[in-house]
Colleague: 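Let me give you the structure first, and then I'll get to my questions.
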Number of protein chains: 2
Amino acid sequence: MDSKVVSLKSKLEIYKACSGGGNLADCPVRDVIQGISNKWSSLLMMALAEKPYRFGELRRLVPDISQRMLTQTLHDLQRDGYVHREVFPTKPPSVEYSLTDLGRSMFGPLHQLLQWAELNHGAVRAARNAFDAAET
Amino acid sequence: MDSKVVSLKSKLEIYKACSGGGNLADCPVRDVIQGISNKWSSLLMMALAEKPYRFGELRRLVPDISQRMLTQTLHDLQRDGYVHREVFPTKPPSVEYSLTDLGRSMFGPLHQLLQWAELNHGAVRAARNAFDAAET
DNA sequence: TATATAAGTCTCAAAAAGAGACCAGCACTA
DNA sequence: TAGTGCTGGTCTCTTTTTGAGACTTATATA
């Protein structure tokens, strides 16, 4: 009944929210953004933007990531085409991770956001403190 | 023993990874980025950048968010100072959410990233397909 | 022989997210 | 006057995701 009305209405509005065509399921922005908006992706992109790193180096660089999440996040970044994984036949074999062209391209705007974060973390922290103080 | 060596070494490297001083716990970039790099934040920022919305409107705009996560994400965005929450004494009372100056400031670089996503989702999708095909 | 290192995988516990019922106050309707 | 719907949530329960830590396989080193 009115579920049809709602779905029609929201479809138009989602069109705007996704600032592109298509429906919710394959909204381009959501599809791409959800791949990088998680706890570890931007941190690893930041590290790899500097230079290629090996698995163990990344683990030491980000000591509070679990091995499992490092494996998985790198795998996901590789799947989306941001990261290249190369195995070297040393003994024991070593694996190097580096940014692809697509990865470097994406890091451009990401870097802007990271810089904003660095510049404005004082304001965010202040807002947080004010909010927490007001809650009591 | 060598845990001391490791912690010294990683501290230096984290310094670079965080592109700012301080230790891991209060790394500015991580602190700010982790607040916005989750499933719903950027989507809601995108919606509110267009115009203020009420709770129910946002719910209809993003039909696949649960009421619980909408409440929580808006609360978190408000706590970090990106979003302003205003209650109007209508009957029943309505609540409007809008971006603050800090929110609009942050949306600048975020928007760049969203535009990149829109422009390059084809490349990402292609990489994903290639990766999945190669896996078999 | 014992230990370390490489890059992971596996299992289990804890945390986070999603689904859906429920709430209070008021307006409209039958 | 009882029923229905609207508002913006909260509460509880289940499922998914994440984290902690042991285990792996092959080689090198002490």
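Excluded from the calculations below are hydrogen atoms, water molecules and symmetry mates; all remaining heavy atoms, backbone and side chain alike, are included. Throughout, a chain's letter reflects where its sequence line sits, starting with A, and its residues are numbered from 1.
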Colleague: Over how many whole Å does the gap from Asp64(A) atom CG to dG21(D) atom C1' extend?
Modeller: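 For the pair Asp64(A) CG and dG21(D) C1', the rounded distance is 16 Å.
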Colleague: Does Trp40(A) have a side-chain nitrogen or oxygen under 4.0 Å from the phosphate oxygens OP1 or OP2 of dT17(D)?
Modeller: no
Colleague: Report the distance from atom CD of Gln34(A) to atom C1' of dG18(C), rounded to the nearest whole Å.
Modeller: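 The answer, rounded to whole Å, is 14 Å.
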Colleague: Counting only non-hydrogen atoms, which of residues 81-94 of chain B are less than 4.0 Å from DNA chain C?
Modeller: Lys91(B), Pro92(B)
Colleague: Within the 4.5 Å heavy-atom criterion, are Asp80(B) and Leu102(B) side-chain neighbours or not?
Modeller: no
Colleague: Do the side chain of His111(A) and the main chain of Gly108(A) share a donor and acceptor less than 3.5 angstrom apart?
Modeller: no
Colleague: Any side-chain heavy atom of Met45(A) sitting closer than 4.5 Å to one from Ile36(A)?
Modeller: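 Counting from C-beta outward, Met45(A) and Ile36(A) never come under 4.5 Å.
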Colleague: Does the side chain of Leu99(A) come within less than 4.5 Å of Val83(A)'s, by heavy atoms?
Modeller: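 Sidechains of Leu99(A) and Val83(A): in contact.
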Colleague: State whether Arg79(B) and Asp76(B) are salt-bridged, where the test is any N-O pair (Lys NZ or Arg NE/NH1/NH2 against Asp/Glu carboxylate O) under 4.0 Å.
Modeller: no
Colleague: Could you check how far CZ of Arg60(B) sits from C1' of dG9(D), rounded to whole Å?
Modeller: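 Between C1' of dG9(D) and CZ of Arg60(B): 14 Å.
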Colleague: Are the side chains of Leu74(B) and Phe55(B) in contact, using a 4.5 Å heavy-atom criterion?
Modeller: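 The answer is yes, as the side chains (C-beta and beyond) meet within the 4.5 Å cut-off.
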Colleague: What integer distance in Å separates Arg59(B):CZ from dT10(D):P?
Modeller: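 Roughly 13 Å, once rounded to whole Å.
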Colleague: Using whole Å, report how far OH of Tyr53(A) lies from P of dA7(C).
Modeller: 14 Å
Colleague: Kindly state which residues belonging to residues 65-77 of chain A come within less than 4.0 angstrom of DNA chain D, counting heavy atoms of the residue only, listed by number.
Modeller: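 Going residue by residue through residues 65-77 of chain A, the ones with a heavy atom under 4.0 Å of DNA chain D turn out to be Arg68(A), Met69(A), Gln72(A).
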Colleague: Could you list the donor-acceptor pairs under 3.5 angstrom formed by side chains in residues 65-72 of chain A, with sequence neighbours left out?
Modeller:
residue	atom	partner	partner atom	Å
Ser66(A)	OG	Met69(A)	N	3.2
Thr71(A)	OG1	Gln67(A)	O	2.9

Colleague: Starting the side chain at C-beta, find the nucleotide from dA6(C), dG8(C), dT7(D) nearest to Val95(A).
Modeller: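 It is dG8(C).
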Colleague: If you check the Lys39(A) side chain, which of dG19(D), dG9(D), dG8(C) turns out closest?
Modeller: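 Selected nucleotide: dG19(D).
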Colleague: Would you call Asp31(A) and Val124(B) a side-chain contact if the rule is heavy atoms closer than 4.5 Å?
Modeller: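 The answer is no, as the side chains (C-beta and beyond) never meet within the 4.5 Å cut-off.
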Colleague: So does Ser41(B) get a backbone contact from the side chain of Asn38(B), meaning a donor-acceptor N/O pair under 3.5 Å?
Modeller: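 Yes; at least one donor-acceptor contact below 3.5 Å.
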Colleague: Would you mind reading off the distance between Asn38(B) atom CG and dT18(D) atom P, rounded to a whole angstrom?
Modeller: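 Taking atom P of dT18(D) as the reference, CG of Asn38(B) is at 12 Å.
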Colleague: Rounded to the nearest angstrom, tell me the gap between atom CZ in Phe55(B) and atom P in dC6(D).
Modeller: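 These atoms are roughly 15 Å apart.
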